[in-house]
Amino acid sequence: MLYAQDKGTYYVQLEDDVVAKANYYDAMKTYVTEQASKPWLFLEFSQLGFIGKMFRTHDLPMIAEFFLMFHKDKPIDWLLDHILWVKVCNPEKDAKHCNAQKALLKHRYRPSLFQHVGLHSSLPGKLQRLKDKDFGKQTLFQAHNNPASELSSSLKHYQQHSLDRAYQGQDFFWALTPIQGDYILFHFPQPIHLSAFLFRSGNIETSGDKFYNTTVEVLPSNVSKLCVCVCVCVCVRVHVCMHECSVIP
């Protein structure tokens with residue numbers, strides 16, 4: 001936090017085990033512009049812990065110093081609430097008055113823009129299984145308009161999550177236990193101009209179900225037909241979720 005104190009106007013605290021909603025940056029920028037004239041200490045873009053908290057950078061030295069003094073005694077998100085208590089709560093007033101004063105210094109954006117997906121807590125020996133209910137459902141796939149193609153694969157799809165439905169933009173592809181040498185083949189009857197392709201595996205709900213080593217091969221257009229082959233080399237998970245296994249013209 002101290003490093004960022006002179007790097008910009010605002011500072012946002014995130015962690016490495018969160019997922020974000022689409023267009024989260026634009027939503028945050030719009031909200032902070034709306035709240036710019038108000039005397040808040042921080043804005044909340046997630047209700048869990050210390051995730052998604054935005055501060056003005058000129059407040060960071062005071063906040064960081066408070067954390068440095070007491071971080072061994074309590075989790076940071078607890079200390080953040082204590083800062084509010086120190087700043088605005090009067091010991092001669094009741095809890096209702098204290099909470100009302102603290103609410104003036106923290107403003108909450110809804111729906112939440114970040115969701116915690118890890119299990120580790122800052123408290124020793126504790127697993128953090130809480131989820132932000134205000135985050136809602138995350139989109140599990142993004143449909144594309146793909147060129148006509150004949151599809152084939154050695155992978156057996158799980159339930160209704162077939163390769164055909166994924167290619168048509170109706171679902172994601174979810175297959176059962178792949179092994180070395182399994183493949184997914186896109187066969188184009190006529191050569192096409194291929195400017196890009198997107199290969200993505202895993203999603204927010206099953207983040208461990210993904211390809212760990214794959215090879216994408218494209219047959220050049222100087223032959224009569226064009227193929228794109230995705231070969232599965234190594235995978236260590238029971239299920240594989242592949243989003244947008246598609247070719248974008």
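Keep in mind the model is a prediction, meaning the values are calculated, not measured.
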If I take atom OG from residue Ser154 and atom CD1 from residue Ile184, how far apart are they, to the nearest 0.5 angstrom? 8.0 Å
Stepwise side-chain contact (heavy atoms from CB on, under 4.5 Å) check, Glu34 with Tyr31: CA-CA 5 Å; Glu34 295 171 353; Tyr31 187 67; 3.8 Å; yes
Going by the rule side-chain contact (heavy atoms from CB on, under 4.5 Å), which residues pair with Asp16 if we only count those two or more places apart in sequence or in a different chain? none
CD on Gln47 to CD on Gln115, rounded to 0.5 Å: 9.0 Å
Contacts of type side-chain contact (heavy atoms from CB on, under 4.5 Å), residue His157, not counting sequence neighbours: Ser162, Phe173
Worked verdict on Leu43 versus Tyr109 for side-chain contact (heavy atoms from CB on, under 4.5 Å): CA-CA 7 Å; Leu43 303 179; Tyr109 177 89; over 6 Å; no
Ile179 and Asp182 have their tightest heavy-atom pair at N-OD2, 2.8 Å
side-chain contact (heavy atoms from CB on, under 4.5 Å) between Ile83 and Val86, intermediate numbers included: CA-CA 5 Å; Ile83 292 177; Val86 170; 5.8 Å; no
Is there a side-chain contact (heavy atoms from CB on, under 4.5 Å) between Asp164 and Gln170? Walk through the geometry before answering. CA-CA 9 Å; Asp164 286 336; Gln170 301 172 355; over 6 Å; no
How long is the span from the CD atom in Gln168 to the CG atom in Leu163, to the nearest 0.5 Å? 9.5 Å
Residue pair Gln101 / Lys93, side-chain heavy-atom distance below 4.5 Å: no
Distance under 6.0 Å and angle within 45° of the ring axis: does Lys7 meet both against Tyr3? yes
Partner residues of Phe114 under the ring pair (Phe, Tyr, Trp, His ring centres under 6.0 Å) criterion, sequence neighbours left out: Tyr24
At what distance, to the nearest 0.5 angstrom, does CD of Gln5 lie from OH of Tyr11? 11.5 Å
Is any side-chain heavy atom of Glu150 closer than 4.5 Å to one of Pro189? yes
Nearest 0.5 Å please: distance from the CZ atom of Phe45 over to the NE2 atom of His107. 11.5 Å
Which heavy atom of Leu84 sits nearest a heavy atom of Phe42, and at what distance? CD1-CE2, 3.8 Å
Which atom pair, heavy atoms only, marks the closest approach of Val12 to Met28? CG2-CE, 3.6 Å
Asp81 meets the salt bridge (charged side-chain N to carboxylate O under 4.0 Å, His left out) criterion, sequence neighbours left out, with Lys102
Distance-only, no hydrogens or angles: does the Asn146 side chain make a donor-acceptor pair with backbone N or O of Tyr167 under 3.5 Å? yes
Has Asn99 got a side-chain atom pairing as donor or acceptor with Lys96's backbone, closer than 3.5 angstrom? no
Parallel, tilted or perpendicular: which one describes the rings of Trp174 and His161, with boundaries at 30° and 60°? tilted
side-chain hydrogen bond (donor to acceptor under 3.5 Å, both in side chains) involving Glu44 - partner list, sequence neighbours excluded: none
Quick one: CD1 on Ile76 to CZ on Phe70, what's the gap to the nearest 0.5 Å? 11.5 Å
Ignoring hydrogens and geometry, is there a side-chain-to-backbone donor-acceptor pair from Ser153 to Leu155 under 3.5 Å? yes
Could you pull out all donor-acceptor pairs under 3.5 Å where a side-chain atom in residues 51-69 meets a protein atom, sequence neighbours excluded?
unit_1, atom_1, unit_2, atom_2, d
Lys53, NZ, Ser46, O, 3.0
Lys53, NZ, Gly49, O, 2.9
Lys53, NZ, Ile51, O, 3.0
Arg56, NH1, Trp40, O, 2.7
Arg56, NH2, Ala36, O, 3.0
Arg56, NH2, Lys38, O, 3.0
Thr57, OG1, Gly8, O, 2.7
Thr57, OG1, Thr9, O, 3.2

Here the pair of heavy atoms bringing Ala166 nearest to Phe172 is CB-C, 3.9 Å
